[in-house]
Asks: 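My structure is below; once you've seen it, I'll send some questions.
Sequence lines set the chain letters: A, B, ... in the order given, protein chains first and strands last, and positions in each chain run from 1. Values reported hereafter were calculated over all heavy atoms of this structure, with side chains retained and with hydrogens, waters and symmetry mates removed.
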2 protein chains.
Amino acid sequence: MATKTTLKGIAEHLNLSISTVSKALADSQEISDSTKLLVKTAARQLKYRPNAMARGLKSSRTNTLGVVIPNIMHNFFAKVIVGMEEEATKNGYSLVTCISNESLEKEKQSLHMLSDVSVDAIIISLTSETQETNEIEHLKDILHYDIPLVMFDRANSDLACDSVVINDYKGAYDATAYLLKTGCRNIAFLSTLNNTSVGNKRLSGYQAALSDYDNTLVPKVVYTKLTSLENDLGTFIDNNNIDGLITTDESSAIYSMNTLRIKGKQVPEDVSVIGFTDGNLARNYFPSVTTVKQQAEIMGKKAVQIALKNLNNKEQHEPVQEVIETELVIRNSTKTI
Amino acid sequence: MATKTTLKGIAEHLNLSISTVSKALADSQEISDSTKLLVKTAARQLKYRPNAMARGLKSSRTNTLGVVIPNIMHNFFAKVIVGMEEEATKNGYSLVTCISNESLEKEKQSLHMLSDVSVDAIIISLTSETQETNEIEHLKDILHYDIPLVMFDRANSDLACDSVVINDYKGAYDATAYLLKTGCRNIAFLSTLNNTSVGNKRLSGYQAALSDYDNTLVPKVVYTKLTSLENDLGTFIDNNNIDGLITTDESSAIYSMNTLRIKGKQVPEDVSVIGFTDGNLARNYFPSVTTVKQQAEIMGKKAVQIALKNLNNKEQHEPVQEVIETELVIRNSTKTI
DNA sequence: CTGAAAGCGCTAACAG
DNA sequence: CTGTTAGCGCTTTCAG
């Protein structure tokens, strides 16, 4: 095996001092063009690559961003990561990604680890557990050490840091309004996001749309989990006559449509269905699913943009919340107007 | 803001030397129990966390693993990452993940970057471009610097390093054999993986199963891309009478079923369909899709296990290829026997 | 049992 | 224009 060439290596090779080599590679004006050329060609020949750790130790800049997401199997988060990766790479940064798996404990560990490896900033979407318990000491610690923190999607308003969120309220409002416009009057809201900021906002949007349209309409909410959805929705359907259904994520929409099918209901003839998250499933199911599209990639890019901005300008500022609008993608699981 | 406590900080706090503190925290036998206690409590109070960069610079161990995947939106890779993350965390390692986006250039950059940040080992699934061009100098460089390298799923046999792959041949063979057993005789193979190792192995399995069963059966292969699948398959169906279809990934199976529906073919009555990758789509489509399940999480875990083993035992050894068997998950897109 | 000192690879102030 | 030196935070001999 070969050992990696260091500044010292190329310095010895050329009979120069380490600092001359360092400066030459950094294109310092102190160095003559001739030696610059010399050094640079030698560096190329010897396949020199700067050691990021050593550089980071000195400059306390690592050009890495830490990311914590609750779940990578979720289409939405995967897409966010794609956006982040693209934007980070474009700016010479790389991503260290942790999966908290919806566990507060794992979230804490991840933050510790990211802090240990001196990432320049941290981007996080909170676990449901964090949002339920509102335990945020570990996040305050990060802020306390002056590591730029930006939250995305699942944010916490008690924390003095920037965030980028979806306009979940309006997304749900628009979805509900659309169903009303197509003639639905018994619209249920099925949520798998019981205690998250996101779930609450969508619920409010749904409720507001109903009462804005006709305040005699009563909201009907089903709280469930993916694992018990077919049961919960099944019994709900047995006891309630609905003609519209809004679900808080993509899989729920699909599961719901399967349940409706089993119960002998046609989609969209008997019941219109709208989901959130515009992924493969929604696009390719039969019938294809009308969906509130969250601009996941844009969100990812925005999040790293904000992180990089904060990192380059560490002055205190009021927390800024960037809101990304949704788009209702109309497909075949809803009636046409 | 507060500044992070270092060994120096807690040394000054206790009027001890830095090295004593270091040893105390490392539970060295050179240190008395009393000072150990002293140091450890102080460390906890001052929220001391070792600086991973400094430690890494000294010990040339960073406890991080670099991962390069071609595409994170693909369910299979996302699942592999979940498995890797779990196994890595369990062993005190964290993951730096890069997305090569099927681009050779990006793959090279990613490897450089991972080498720069001194990851302890690298786990990679090659881009299709890398496999097509068979350009592997950048991978040899990694080996050359004695950084343990393990390839998964999309491997290259010209490279002297361990790998873990799916038994793609047998997966396709079994799928084909199953269709034959259910009475299909005109089985087509639709591939979106034209030039990858994986695609070739699946094709061979399909061909072998056909000729093993009845060597008058002729293989029918459709090469396509997701973007043009509906067209390509559509014209193929117009010109060929098929009763079975095997696709090389999940989305292709779904797209194909949509195409078949458009062409007036019933699944599975007229045409049975089997896909690869057992994800949400396959499970929840209607009809649910019979699938060759790749044990993605297991694959991820295995890959990091191998990486960690190599990293702890850097002696040369013959490359080992771990083969993970597939499982045919029978659902409703195929006829029953 | 505790401390001093060297050095990992790099940057940057300071001399020459 | 080039070189010497100190130091980032940590580990690890080697002395005391």
Asks: Mind checking what makes salt bridge (Lys or Arg N to Asp or Glu O under 4.0 Å) contact with E135(A), not counting sequence neighbours?
Replies: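 Counting only residues at least two positions away or on another chain, E135(A) forms a salt bridge (Lys or Arg N to Asp or Glu O under 4.0 Å) with K108(A).
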Asks: How close or far is atom P of dT11(C) from atom CD1 of I31(A), stated in whole angstroms?
Replies: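 The distance from CD1 of I31(A) to P of dT11(C) comes to 13 Å, rounded to the nearest Å.
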Asks: Using whole Å, report how far CE of M53(B) lies from C1' of dC8(D).
Replies: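 So the two atoms are 8 Å apart, to the nearest Å.
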Asks: Please name all residues satisfying salt bridge (Lys or Arg N to Asp or Glu O under 4.0 Å) with K309(A), sequence neighbours left out, ordered by chain then number.
Replies: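 Not a single residue meets the salt bridge (Lys or Arg N to Asp or Glu O under 4.0 Å) criterion with K309(A).
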Asks: Got a sec, which residues hit side chain to side chain donor-acceptor pair (under 3.5 Å) with E105(A), two or more places apart in sequence or on another chain?
Replies: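 Result, side chain to side chain donor-acceptor pair (under 3.5 Å) vs E105(A): none returned.
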Asks: What is the separation between atom CG on D27(B) and atom P on dT2(C), rounded to the nearest whole Å?
Replies: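 My rounded result for the distance is 14 Å.
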Asks: Sequence neighbours left out, what pairs pass salt bridge (charged side-chain N to carboxylate O under 4.0 Å, His left out) with at least one residue falling in residues 112-122 of chain A?
Replies: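 Applying salt bridge (charged side-chain N to carboxylate O under 4.0 Å, His left out) to every pair that reaches into residues 112-122 of chain A, excluding sequence neighbours, yields D116(A)-R49(B).
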Asks: Using modelled atom types and a 3.5 Å cut-off, is there a donor and acceptor pairing between side-chain atoms of T6(A) and backbone atoms of G9(A)?
Replies: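 Side chain of T6(A) to backbone of G9(A), a donor-acceptor pair under 3.5 Å: yes, one is there.
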Asks: Does anything in residues 32-42 of chain A come within less than 4.0 Å of DNA chain D? Heavy atoms only, and list the residues if so.
Replies: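 Those residues whose heavy atoms fall under 4.0 Å from DNA chain D, taken from residues 32-42 of chain A in numerical order, are S32(A), T35(A).
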Asks: Among residues at least two apart in sequence or on other chains, which ones pass side chain to side chain donor-acceptor pair (under 3.5 Å) with S110(B)?
Replies: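 Side chain to side chain donor-acceptor pair (under 3.5 Å) list for S110(B), sorted by chain: empty.
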Asks: What pairs meet the ring-ring contact (aromatic ring centres under 6.0 Å, His included) rule with one or both residues in residues 83-141 of chain A, with sequence neighbours excluded?
Replies: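 Found none.
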Asks: Which residue pairs satisfy the salt bridge (charged side-chain N to carboxylate O under 4.0 Å, His left out) criterion with at least one member in residues 89-102 of chain A, sequence neighbours excluded?
Replies: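 Qualifying pairs, neighbours excluded: E87(A)-K90(A), E102(A)-R154(A).
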Asks: Side chain to side chain donor-acceptor pair (under 3.5 Å) with K4(B): which residues, sequence neighbours excluded?
Replies: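 If we apply the side chain to side chain donor-acceptor pair (under 3.5 Å) test to K4(B), skipping adjacent residues, the hits are S115(A).
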Asks: Taking only nitrogen or oxygen atoms into account, show me every contact under 3.5 Å that the protein makes with nucleotides 11-14 of chain D, one pair per line with its distance.
Replies:
{"unit_1": "dT11(D)", "atom_1": "OP1", "unit_2": "R55(B)", "atom_2": "NE", "d": "2.8"}
{"unit_1": "dT11(D)", "atom_1": "OP1", "unit_2": "R55(B)", "atom_2": "NH2", "d": "3.1"}
{"unit_1": "dT11(D)", "atom_1": "OP2", "unit_2": "S22(B)", "atom_2": "OG", "d": "3.1"}
{"unit_1": "dT11(D)", "atom_1": "O2", "unit_2": "K58(B)", "atom_2": "NZ", "d": "3.2"}

Asks: Whole angstrom is fine here: how far is it from CG in L16(B) over to P in dG16(D)?
Replies: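 Interatomic distance, CG of L16(B) to P of dG16(D): 20 Å.
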Asks: For the helix from dC1(C)-dG16(D) to dG16(C)-dC1(D), figure out the bend between the end axes, five pairs an end, and round to 10 degrees.
Replies: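 Helix axis angle between the two ends: 50°.
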Asks: Sequence neighbours left out, what passes side chain to side chain donor-acceptor pair (under 3.5 Å) with N312(A)? Give chain and number order.
Replies: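 So N312(A) forms a side chain to side chain donor-acceptor pair (under 3.5 Å) with R61(A).
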